[in-house]
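Inspection log for the structure reproduced underneath, given as C-alpha cells.
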Amino acid sequence: MIQLKLKIDNARGFVSDDEIKLFESESDLQRRKIYDKTGAGNDFLGWVDLPGQIDDSLIQGIEKDAARIKSDSQVVVVVGIGGSYLGARAIIDALSGNFYQMQSASGDHPLVVYAGQNIGEDYTAELLDFLNDKDYSIIVISKSGTTTEPAIAFRLLRKHLEEKYGEEKASERIYAITDASKGALKTLAGNKSFKTYVIPDDVGGRYSVLTPVGLLPIAVAGFNIREFVNGARNMQEFLKGEEDLFKNPALLYAVVRNILYRKGKTTEIMANYTPSMMYFTEWWKQLYGESEGKDQKGIFPAGVNFTTDLHSMGQYIQDGIRNLFETVVRLENPKRIMEIPHDRDNLDGLNFLAGKRLSYVNKMAETGTILAHVDGEVPNLEIILPEINENVLGELVYFFEMGCALSGYILDVNPFDQPGVEAYKKNMFALLEKPGFEDETKEIKKRIKD
Ligand code: PA5
C-alpha cells in the first residue's frame, strides 16, 4: 500500500463522478502509452521504471562519495539549474530543519549551498566570500553540459577551488553529473579526472531527481536515499498495478485537473502549510510548467505558502478572477510538538488556545481556508502526507511525475520536451555576441535602443 492519499471531496461541486467516468477510456489509453512507450517523447520515459531499476552498486557508490565529502568538506556547493537543481533542493529542504542554512557549517553533515541557478553577481561573489575559509567540494550537474548559468558559476568556483587546494587536489573535490558521452562538462570531467556520474539518456532534467542528480546531494546532506528510492518504488508498483481511475491517485489527479482546465480553471495553485515544503512547490512548478505549457495551452502552475500568503495572495485567491483551483499538500503529523502556553494576563486574548498544539491551529486554518476558497469558487484537491520523511517524499515525487506525464498526454502535448526555453537563450547569446550568433546579434541590436 501507499501512504499518500489524494482527496477530491472539495472539488466535487465542480467535477462530478460522472464527468470523471467519461474519462475512463481516454485516461486508460494515455496510461498505456506511457507503459508501452508509444506516446510523444517516448524516448524520455526512463523515469517510469527507474526506481525499481536503481541497483545497489549505484547507491553504495553514492553513499561512499557522500561519506568522503562529509569527511573532507564543511560545505558542498551544488551547481545546476532547473531539473539539475530543484529536485535535490526540494528534498533537502523538506527533510532539513528550517534553519539549516544558518548553521555554522560545522554540523553533522556538510552544509549544502547552491550555485548556477542564477547569474546574480552579488549572489556569486557572496558565495565565494563565504567559501574562503571553508573546506568544500563541488557537485556540478548538467545533463547537456552546456547550460550557461551553471557553466559560468562552475568556472568561477573551479578557479576558487584550484587557488585554494591546487589543481590536482581541487579535481579530487569535484563530482560531475552529466551525460554518458557528450557535452562540455563530460569533456572537462574526462580531462581533469573528476569523479563522474551519468544521467541516463532517457531521463529528462525535471524527471531526474531519482538519478544521481538528486541522490548524491541528498545523501551528502545526510538523508537516507535508500528510503527515498523505496518510497518511489512503492508508488511505481502501486500505480502500475492499479487500473481503476478512482483508485489510482496519479490517474485521478491528471483527469480531475484536465476537467477543471476545460472548465476554465487555467491556474493551479499548490498550497502548503509547512514552510519546509516551499522548494517542493518550486520543483512541482517546474515539472508541470515545463511539461504542459506549450502549443498555446496548459495549466499555469503557481505556488503559495500558507498561512503566510493568506495575508497577501489570499485576497486574490478568495476574490480575484475565478480561473483558479488549488492543490493543498497537507501534512498530518509534524516532527515536533509545540503547545501554546497559558498566560496569566491574557492581554493577547489567546488563553482559549492554551495547551493546544500549533499543528491543531494550523489544521483549523487549513480546513477553514479550504472551505472559504471552495465557497469562493476555487475547487480544492488535497494530497495528504502522514509525515515528511524520505519514504513519503519518494512516493510524492513519483506520484507527481506520473501525474504530470498522464496529464500532459490527456492535454495532448509532449510532456518531455521544452522547446520554449530556447527563445531567451537565443536572444541572450545574440546580445552577448556569442560566436555563431552574428546574424541574430545584428537583428536584435536593431530592436534595442540602449
Ligand atoms: O527539465 C529540464 O530539462 C530543464 O529544466 C533542465 O534540467 C535545465 O535546463 C538544465 O539543463 P542541463 O542539465 O542540461 O544543464
Side-chain angles (χ1 to χ4, degrees), residues 40-48 50 77-91 114-119 124 138-158 174-189 194 196-218 279-294 298 301 303 397-398 400-405 407-408 413-429 434:
N42 56 6
D43 44 349
F44 280 100
L45 285 169
W47 58 272
V48 176
L50 181 71
V77 188
V78 176
V79 183
I81 195 166
S84 292
Y85 155 66
L86 283 164
R89 185 158 197 177
I91 302 303
Y114 303 89
Q117 84 282 28
N118 63 58
I119 325 174
T124 311
I138 299 173
I139 300 175
V140 56
I141 310 171
S142 179
K143 187 171 186 203
S144 63
T146 54
T147 307
T148 309
E149 293 91 334
I152 291 174
F154 184 49
R155 181 184 275 218
L156 284 158
L157 280 158
R158 189 160 60 88
I174 297 176
Y175 301 77
I177 307 178
T178 189
D179 188 86
S181 56
K182 56 182 188 306
L185 181 57
K186 172 73 192 165
T187 311
L188 184 62
F194 303 152
T196 55
Y197 284 94
V198 170
I199 309 174
D201 280 348
D202 56 359
V203 180
R206 57 192 177 274
Y207 291 83
S208 69
V209 60
L210 286 149
T211 73
V213 170
L215 299 180
L216 181 59
I218 294 168
Y279 265 92
F280 194 88
T281 302
E282 295 303 308
W283 172 82
W284 170 86
K285 275 162 59 182
Q286 187 212 352
L287 180 62
Y288 280 72
E290 216 171 19
S291 299
E292 290 194 319
K294 51 197 68 159
V397 158
Y398 191 89
F400 275 125
E401 288 179 349
M402 184 55 83
C404 185
S407 186
V413 297
N414 175 355
F416 309 112
D417 66 1
Q418 53 283 329
V421 299
E422 294 311 313
Y424 101 88
K425 290 186 193 166
K426 196 180 107 209
N427 285 350
M428 177 176 76
F429 293 148
K434 183 174 176 171

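As the structure lists them, so they are numbered: ligands from 1, and atoms in each ligand from 1.
Nearest non-hydrogen protein atom to atom 1 (O) of ligand 1 is R206 N, 2.9 Å. Here the heavy atom of the protein found nearest to atom 2 (C) of ligand 1 is E290 OE1, 3.6 Å. Of the protein's non-hydrogen atoms, G83 N, 3.8 Å is the one closest to atom 6 (C) of ligand 1. Atom 11 (O) of ligand 1 has T147 OG1, 3.5 Å as its closest protein atom, hydrogens excluded (heavy atom only). The protein heavy atom nearest to atom 5 (O) of ligand 1 is Q286 NE2, 2.6 Å. Ranking protein heavy atoms by distance to atom 10 (C) of ligand 1, first place goes to I81 O, 3.2 Å.
R206 pairs with exactly one of Q286, Q418, E401 by the side chain to side chain donor-acceptor pair (under 3.5 Å) rule, that one being Q418.
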Can you check side chain to side chain contact (heavy atoms under 4.5 Å, CB included) on F154 and L188, steps first, answer last?
CA-CA 11 Å; F154 184 49; L188 184 62; 3.6 Å; yes
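Contact check for T211 versus Y197: no side-chain heavy atoms found under the 4.5 Å cut-off. Using a 4.5 Å heavy-atom cutoff, the side chains of P217 and Y114 are not in contact. Counting heavy atoms from C-beta outward, D201 and D179 have side chains that approach closer than 4.5 Å.
Between Y85 and Y279, the angle of the ring planes goes over 60°, which puts this pair in the perpendicular group of the 30/60° scheme.
Within ligand 1, counting atoms from 1 as listed, the ones closer than 4.0 Å to a heavy atom of S84 are 7 (O), 12 (P), 13 (O). Near Q418, with a cut-off below 4.0 Å to any heavy atom, the atoms of ligand 1 are 3 (O). Per-residue contacts place S142 under 4.0 angstrom from the following atoms of ligand 1 (heavy atoms of the residue considered): 12 (P), 13 (O), 14 (O), 15 (O).
We find the NZ-NZ distance between K434 and K425 to be 9.5 Å, quoted to the nearest 0.5 Å.
Where the criterion is an N or O separation shorter than 3.5 Å, residue side chain and backbone included, I141 fails it with respect to ligand 1.
With S144, G205, G204 as candidates, the residue nearest to atom 14 (O) of ligand 1 on a non-hydrogen basis is S144.
Heavy atoms of other residues, nucleotides or ligands lying less than 6.0 angstrom from NZ of K426 number 12 at most.
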